[in-house]
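Lettering follows sequence order; numbering is per chain, from 1. What you are looking at is a predicted structure, and each value in this text was computed from that prediction instead of being measured.
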Amino acid sequence: GIQVEQSPPDLILQEGANSTLRCNFSDSVNNLQWFHQNPWGQLINLFYIPSGTKQNGRLSATTVATERYSLLYISSSQTTDSGVYFCAVPPGGGADGLTFGKGTHLIIQP
Amino acid sequence: NAGVTQTPKFQVLKTGQSMTLQCAQDMNHNSMYWYRQDPGMGLRLIYYSASEGTTDKGEVPNGYNVSRLNKREFSLRLESAAPSQTSVYFCASSDNRDTEAFFGQGTRLTVV
């Protein structure tokens with residue numbers, strides 16, 4: 001099945017800093033999602049972005065499908081941005097569902 | 001518009017007990033999914049239902065059964081719970097496998 005690798009695994013930043021999270025995947029995809037899992041365990045949809053660039057406030061994402069990676073940008077970080085960020089793609093081979101990376105654990109310190 | 005609703009939110013079981021996790025969505029989605037999340041890991045697919053009346057195994061189906069009761073509801077059953085099934089369980093739905101998926105708030109299950 002498809003392999004999804006996220007980097008870095010852990011990131012500690014001061015409030016106000018910018019960050020870039022990366023997601024590499026091993027095969028072509030027609031669906032890619034970014035999620036934020038907050039400290040209470042909720043999974044929040046950030047972007048559905050199989051290709052191209054999208055922006056939502058301080059967050060933006062870019063997927064370069066031909067090169068098999070996606071980037072999530074967080075600008076002017078706030079403490080509420082803390083949590084785990086996951087990317088997920090279809091497993092391939094015609095199978096359903098999503099294959100998740102192991103996530104980037106982000107801590108924003110005041 | 002509640003999205004995806006899971007019950008219960010928390011559950012403690014003894015080894016060998018059975019239970020059913022319930023999931024309902026109000027977005028008129030065709031596909032529904034059950035995932036589990038273990039500490040420090042991403043979610044892994046247990047079972048899915050691409051449409052009413054169909055179910056298929058995902059990556060980690062052993063020890064579980066599912067029922068797609070109707071278009072709205074998809075339940076996950078543990079017939080004889082084991083400590084290895086201690087996890088957080090998420091239900092999700094989407095219009096189809098190539099569209100955006102939405103997740104419930106999760107069920108934290110502990111098997112002692």
Next on the checklist: Is there a path of hydrophobic side-chain contacts, each under 4.5 Å between heavy atoms of I/L/V/M/F/W/Y residues, joining A:Phe86 to A:Leu106?
Outcome noted: no
Checklist entry - Do other residues, nucleotides or ligands put more than 12 heavy atoms under 6.0 Å from B:Arg108 CZ? => result no
Next on the checklist: Treating A:Asn45 as the side-chain partner and B:Ala101 as the backbone partner, does any N or O pair qualify as donor plus acceptor under 3.5 Å?
Outcome noted: yes
Next on the checklist: Between A:Leu98 and chain B, with a heavy-atom cut-off of 4.5 Å, which part of the residue counts as in contact: side chain, backbone, both or neither?
Outcome noted: both
Checklist entry - Do the side chain of B:Asp98 and the main chain of A:Asn30 share a donor and acceptor less than 3.5 angstrom apart? => result no
Checklist entry - chain A heavy atoms under 4.5 Å from B:Ser31: which part of the residue, side chain, backbone, both or neither? => result side chain
Checklist entry - For A:Glu5, does the CD atom have more than 12 heavy-atom neighbours from other residues, nucleotides or ligands under 6.0 Å away? => result no
Checklist entry - Are B:Leu43 and A:Ile2 co-members of a hydrophobic cluster defined by side-chain heavy atoms under 4.5 Å apart? => result no
Checklist entry - Where does A:Gln37 contact chain B at under 4.5 Å (heavy atoms): side chain, backbone, both or neither? => result side chain
Next on the checklist: Working to the nearest 0.5 angstrom, can you tell me the gap between B:Ser51 OG and A:Asp96 CG?
Outcome noted: 10.0 Å
Checklist entry - Atom CZ in A:Phe100, atom OH in B:Tyr35: separation rounded to 0.5 Å? => result 5.5 Å
Next on the checklist: If I measure from the heavy atoms of chain A, does B:Glu59 come under 4.5 Å with its side chain, its backbone, both, or neither?
Outcome noted: neither
Next on the checklist: Does B:Lys71 have more than 12 heavy atoms from other residues, nucleotides or ligands lying within 6.0 Å of its NZ?
Outcome noted: yes
Next on the checklist: Taking A:Val84 as the starting point, is it possible to reach A:Phe35 by hopping between hydrophobic residues whose side chains are less than 4.5 Å apart?
Outcome noted: yes
